[in-house]
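Please read the structure below before turning to the comments.
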Amino acid sequence: MDLNLVRTFMAVYQCQSYTKASELLALTQPAVSAAIKRLESEIGKQLFIKKGRGIEATSKAHALATKFQFALDTINDAVNDKNTLSVYCAEIILHSLVGLEQINFAESPRSQSMLFEHLREQKVDLVLDVATMKDSAFVIEDAYVEPLVVVCAKNHPRIQGELTKVDYYRESHVIYSALWQGMNGFEQIAQEPVEERNIALTVSSLSSVLMFVSQGDSLGLVSQSFAKRWEKQLNLAIYPCPVKLDNAKYKFIYHKRYINDPQHRKVRQQIIDKLSKKKPFMEWMGL
């Protein structure tokens with residue numbers, strides 16, 4: 001039997017819809033329908049019946065689904081056992097994940113459209129990053145949430161002990177150059193109207209934000225764990241942001257074909273488990 005027929009059947013069975021199954025498999029709806037008819041012809045039984053505007057699995061379909069899923073899981077385990085998944089990860093949390101098995105990490109490209117293009121072309125299997133774009137071919141789900149903090153040199157001539165909103169807008173800033181839907185990260189997550197900031201320098205990486213901040217009088221905005229990771233080495237001071245901000249929300253982004261892939265699920269869970277061990281300093285942040 002053609003394995004593609006089995007995969008198509010399982011997609012229709014799980015989605016209970018030819019349309020949703022076609023989106024999941026990146027096929028046309030007529031191609032999915034034709035595959036199901038071919039499978040029905042091979043086994044001599046009807047697999048789905050119309051119910052209202054949708055479809056419903058027959059008893060034969062339920063019986064096949066159990067056996068097919070076991071077979072697919074066995075095949076996937078055999079194929080994926082020695083494989084390594086390619087994962088794009090935001091620079092700001094990449095430091096927390098290095099060393100996980102069966103994962104080849106690379107820093108995410110700054111363009112979100114490029115992220116989706118590489119996923120579509122199967123150049124990368126999974127992305128862990130901020131997502132403001134949507135695409136029906138991909139799953140975008142919550143992975144990790146973390147507060148943002150303000151960093152400056154520990155020996156800053158004016159900021160010592162506390163950082164007020166007046167202080168924040170009075171000082172100059174080093175900012176990360178990436179834009180999402182035409183806005184920088186600060187504008188995206190601010191929960192209140194923001195004032196114009198004095199931008200001393202725009203850099204292409206968040207590591208550069210810390211480096212330049214540590215060597216001058218400017219302020220920077222990064223994730224809490226990233227700031228804590230380099231606090232001692234760069235002699236940084238860390239303050240809660242006096243401007244009310246949303247937390248940074250990192251998402252898993254991957255093609256729908258991987259929803260039930262055993263190794264892909266395992267890798268996503270590994271990442272979540274590793275990040276969950278990094279207990280944020282919520283009491284220190286006053287959150």
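Heavy-atom basis, side chains included; hydrogens, waters and symmetry copies ignored.
Using a 4.0 Å cut-off between charged side-chain N and carboxylate O, Glu231 and Lys228 make a salt bridge.
Looking at every heavy atom in both residues, Phe105 comes nearest to Cys89 through CD2-CB, 4.0 Å. Between Thr8 and Ala35, the shortest heavy-atom distance links the atoms CG2-CB, 3.8 Å. Closest non-hydrogen pair, Asn155 versus Gln160, comes out as C-NE2, 3.7 Å. Scanning both residues, Tyr13 and Gln16, for their nearest heavy atoms gives O-NE2, 2.7 Å. Minimum interatomic distance between Ser96 and Ser225 (heavy atoms only, all atoms of both residues): OG-OG, 4.3 Å. Cys15 approaches Leu24 most closely through the heavy-atom pair SG-CD2, 4.1 Å.
In this structure, CD on Glu117 lies 7.0 Å from OG on Ser113, to the nearest 0.5 angstrom. Put simply, CD on Gln215 and CG on Leu210 are 11.5 Å apart, with the number rounded to the nearest 0.5 Å. For the atom pair SG of Cys152 and CG of Asp217, the computed distance is 9.0 Å after rounding to the nearest 0.5 Å. If you take CD1 on Ile175 and CZ on Arg197, they are separated by 5.5 Å, rounding to the nearest 0.5 Å. Note that the CZ atom of Phe138 and the CD atom of Glu23 stand 12.5 Å from one another [nearest 0.5 Å]. Atom-to-atom distance recorded for Leu100:CG and Lys274:NZ is 4.5 Å, nearest 0.5 angstrom.
Between Lys251 and Asp142, some side-chain heavy-atom pair lies under the 4.5 Å cut-off. Proximity of Cys241 to Leu221: side-chain heavy atoms (C-beta onward) are separated by under 4.5 Å at one or more points. Counting heavy atoms from C-beta on, the side chains of Ile271 and Ile103 come closer than 4.5 Å. Between Leu5 and Glu42, the closest side-chain pair of non-hydrogen atoms falls below 4.5 Å. Within the 4.5 Å cutoff, the side chain of Ser223 has heavy atoms near those of the Tyr250 side chain. Inter-residue side-chain proximity for Val151 and Val222 is flagged as met; some heavy-atom pair is nearer than 4.5 Å. At a threshold of 4.5 Å between non-hydrogen side-chain atoms, the residues Tyr168 and Val150 count as touching. Under the 4.5 Å side-chain criterion, counting only non-hydrogen atoms from C-beta, Leu206 is in contact with Phe226.
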Report task. Could you walk me through whether Val12 and Ile36 pass the side-chain contact (heavy atoms from CB on, under 4.5 Å) test, one step at a time? Result -> CA-CA 9 Å; Val12 175; Ile36 296 300; 4.0 Å; yes

Query raised in the report: Going through the checks in order, is the side-chain contact (heavy atoms from CB on, under 4.5 Å) test met by Ile55 and Ile49?
Result: CA-CA 5 Å; Ile55 59 173; Ile49 57 174; over 6 Å; no

**Report entry** CA sep, side-chain torsions, deciding dist, call: Asp167, Thr164, side chain to side chain donor-acceptor pair (under 3.5 Å)
**Finding:** CA-CA 5 Å; Asp167 294 332; Thr164 67; 2.9 Å; yes

Requested in this report: Under the side-chain contact (heavy atoms from CB on, under 4.5 Å) rule, what do Val127 and Val87 come out as? Steps first, then yes or no, please.
Outcome: CA-CA 6 Å; Val127 170; Val87 179; over 6 Å; no

Query raised in the report: Checking side-chain contact (heavy atoms from CB on, under 4.5 Å) for the pair Leu128/Phe252: CA distance, chi angles, key distance, verdict?
Result: CA-CA 5 Å; Leu128 176 58; Phe252 282 137; 3.9 Å; yes

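Considering Gln270, Lys266, Arg265 in turn, Arg265 is the only one that fulfils the side-chain contact (heavy atoms from CB on, under 4.5 Å) rule with Arg268.
Residues in residues 191-213 take part in no ring-ring contact (aromatic ring centres under 6.0 Å, His included) pair, two or more places apart or across chains.
In this structure, the side-chain contact (heavy atoms from CB on, under 4.5 Å) partners of Asn104, at least two apart in sequence or on a different chain, are Thr84. Qualifying side-chain contact (heavy atoms from CB on, under 4.5 Å) partners for Glu192, counting only residues two or more places apart in sequence or in other chains: Lys165, Val243, Lys244. Remark: Lys60 engages Ile43, Lys45, Leu47, Thr58, Leu64 in a side-chain contact (heavy atoms from CB on, under 4.5 Å) (not counting sequence neighbours). For Tyr254, the ring-ring contact (aromatic ring centres under 6.0 Å, His included) partners are His264, not counting sequence neighbours. Shown here are the side-chain contact (heavy atoms from CB on, under 4.5 Å) partners of Pro109, two or more places apart in sequence or in another chain: Tyr88, Met114, Leu115.
The aromatic rings of Phe48 and Phe9 are tilted relative to each other, their planes meeting at an angle between 30° and 60°.
No hydrogens or angles considered: nothing links the side chains of Asn198 and Glu171 as a donor-acceptor pair under 3.5 Å. A side-chain donor from one of Gln29 and Thr19 sits under 3.5 Å from a side-chain acceptor of the other.
No donor-acceptor distance shorter than 3.5 angstrom exists from the side chain of Asn247 to the backbone of Lys249, with no hydrogens or angles considered. Side-chain N or O atoms of Ser41 include none that pairs as donor or acceptor with a backbone N or O of Lys37 at under 3.5 Å. A donor-acceptor pair is defined here as one N or O able to donate and one able to accept, closer than 3.5 Å; such a pair exists between the side chain of Tyr169 and the backbone of Glu195. Between the side chain of Tyr144 and the backbone N or O of Ser276 there is no donor-acceptor pair closer than 3.5 Å.
Applying the 6.0 Å contact sphere to NZ of Lys20 captures no more than 12 heavy atoms from other residues, nucleotides or ligands.
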